[in-house]
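Comments concern the structure below.
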Amino acid sequence: MIPELASLRNQIMRFKEEKRALILSHNYQREEVQEIADFVGDSLELSRIAATRDCDMIVFCGVHFMAESASILSPEKTVLLPEEGAGCPMADMIRADSPRPVRRKFPGFEDPPAYVYPPEFSLNDMKKQYPGIPVVAYVNTTAEVKAGSDICCTSANVVRVIESLSSDAVICVPDKNLSMWAARNTEKKVIAWDGYCNIHERVTVEDVERARKNHPRAVLMAHPECRIEVLDRSDYVTSTSGMLRYAAASSETEFIVGTESGLLHRLHKENPEKLFFPLRNDMVCPNMKKTTLQSVLRAFRENSYIVKVPEHVRIPAKRSLDRMLQVI
Ligand code: 13P
Ligand code: SF4
């Protein structure tokens with residue numbers, strides 16, 4: 001390891017012990033950040049851990065909504081997000097109750113445009129349009145949207161969550177691609193919002209055809225945030241940790257990976273004898289890459305940035321997350 005990285009790592013480990021902290025990392029984080037984490041996982045796994053582990057502090061190496069979920073589930077713990085500006089543009093594509101979404105700046109998302117919202121519409125407007133229909137909120141949403149929803153879901157459990165509801169129809173926000181994919185896999189009617197992830201949305205059918213041509217023996221795994229026509233041409237659609245489990249269990253030896261590049265680190269590390277090829281070379285989430293070892297160390301030193309959800313939002317948001325966590 002480079003001496004500078006080793007020194008940062010040692011300092012972080014000392015703070016971690018001293019503060020009884022748990023370091024959580026999403027599968028998309030930089031390699032060196034994944035390596036210092038107590039746990040690396042997908043959104044569902046990280047939510048479960050945040051809800052149950054005994055510690056005083058959680059340092060969440062991910063994006064804002066993930067740290068917010070940890071704080072919602074464990075209000076007694078101090079939750080730190082090392083990079084204040086690490087947000088998820090898709091989460092900001094829906095507001096709970098404001099006619100015009102507040103446009104937040106996320107550098108690196110200018111091309112292609114990341115800010116396409118349903119015109120002057122909020123979740124509450126949508127609920128009024130479809131009275132009585134339950135709302136399933138992807139965890140990639142703000143605490144306010146979770147609070148205004150009936151249940152949360154992740155890419156790992158969206159179909160099971162929808163099936164757990166007694167109604168024949170559901171509203172699913174904010175990812176149109178995840179919603180369409182869920183609709184393909186349930187008998188229920190799914191009413192979708194118009195949000196998307198800029199990183200996954202950029203994958204095209206031509207990318208799939210090119211990757212298939214270049215790697216004819218490889219299995220194509222895709223994240224459900226990809227466009228539906230990409231998912232239709234994939235062999236296996238699942239969450240980030242679902243891809244890790246699938247690749248490890250499969251007798252196949254070559255895989256095309258249709259998600260953010262950070263997952264390649266664990267795929268290579270946990271399956272050194274297998275080959276993994278990115279579906280596109282530019283599937284890099286700039287917000288996930290903001291967190292560095294330097295920012296984790298600063299987070300410990302400065303106790304920053306604290307993510308705390310006000311109780312009037314936290315309690316209904318927790319109800320939606322708890323309902324999700326009860327779905328097997
Ligand atoms: P996972 O829950 O599959 O890890 O996905 C989270 C995410 O942000 C995908 O872009
Ligand atoms: Fe949000 Fe997409 Fe980044 Fe995931 S990869 S955090 S959905 S912008």
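Computed from a prediction, not measured in an experiment: that's the story for all the values here. As the structure lists them, so they are numbered: ligands from 1, and atoms in each ligand from 1.
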Which ring pair (Phe, Tyr, Trp, His ring centres under 6.0 Å) pairs, counting each pair once, include a residue from residues 28-62, with sequence neighbours left out?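 Pairs touching residues 28-62 that pass the test: H26-Y28.
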Numbered atoms of ligand 2 (with element) below 4.0 Å of [X], judged on heavy atoms:
X    : answer
Y28  : 4 (Fe), 5 (S)
C197 : 2 (Fe), 5 (S), 7 (S), 8 (S)
P89  : 8 (S)

Any residue meeting ring pair (Phe, Tyr, Trp, His ring centres under 6.0 Å) with H265, in chain and number order, not counting sequence neighbours: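 By the ring pair (Phe, Tyr, Trp, His ring centres under 6.0 Å) rule, H265 matches no residue at all.
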Got [X] and [Y] here, is their nearest side-chain heavy-atom distance under 4.5 Å?
X    : Y    : result
R9   : L5   : no
T292 : R30  : yes
V158 : W181 : yes

Is the distance between atom 1 (Fe) of ligand 2 and the nearest N/O/S atom of C88 smaller than 2.8 Å?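 Yes, within the cut-off.
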Against D322, only a single residue in K318, Q326, R319 fulfils side-chain hydrogen bond (donor to acceptor under 3.5 Å, both in side chains); can you say which?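 Of all the options given, the one that passes is K318.
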Looking at E270 and R245, is there a salt bridge between them, counting it only when a charged N and a carboxylate O are closer than 4.0 Å?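 Here R245 does not pair with E270 in a salt bridge, since their nearest N and O are not under 4.0 Å apart.
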So, R184 and D232, do they make that salt bridge, N to O below 4.0 Å?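 The answer is yes: the pair qualifies as a salt bridge.
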Could you see which bit of N140 sits under 4.0 Å from ligand 2, with heavy atoms only: side chain, backbone, both or neither?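 For N140, the contact with ligand 2 is made by the side chain alone.
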Quick check on E225 - does any of its heavy atoms sit under 4.0 Å from an atom of ligand 2?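 Under 4.0 Å: yes for E225.
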Pairs where residues 212-221 contributes a residue and the test salt bridge (charged side-chain N to carboxylate O under 4.0 Å, His left out) is met, not counting sequence neighbours: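 Output for this query lists R212-D235, R217-E254.
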Every residue of the protein that comes under 4.0 Å of ligand 1, judged on heavy atoms: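 Those residues closer than 4.0 Å to ligand 1 by some heavy atom are H26, Y28, D42, S43, N140, S155, H200, H223, E225, S239, T240.
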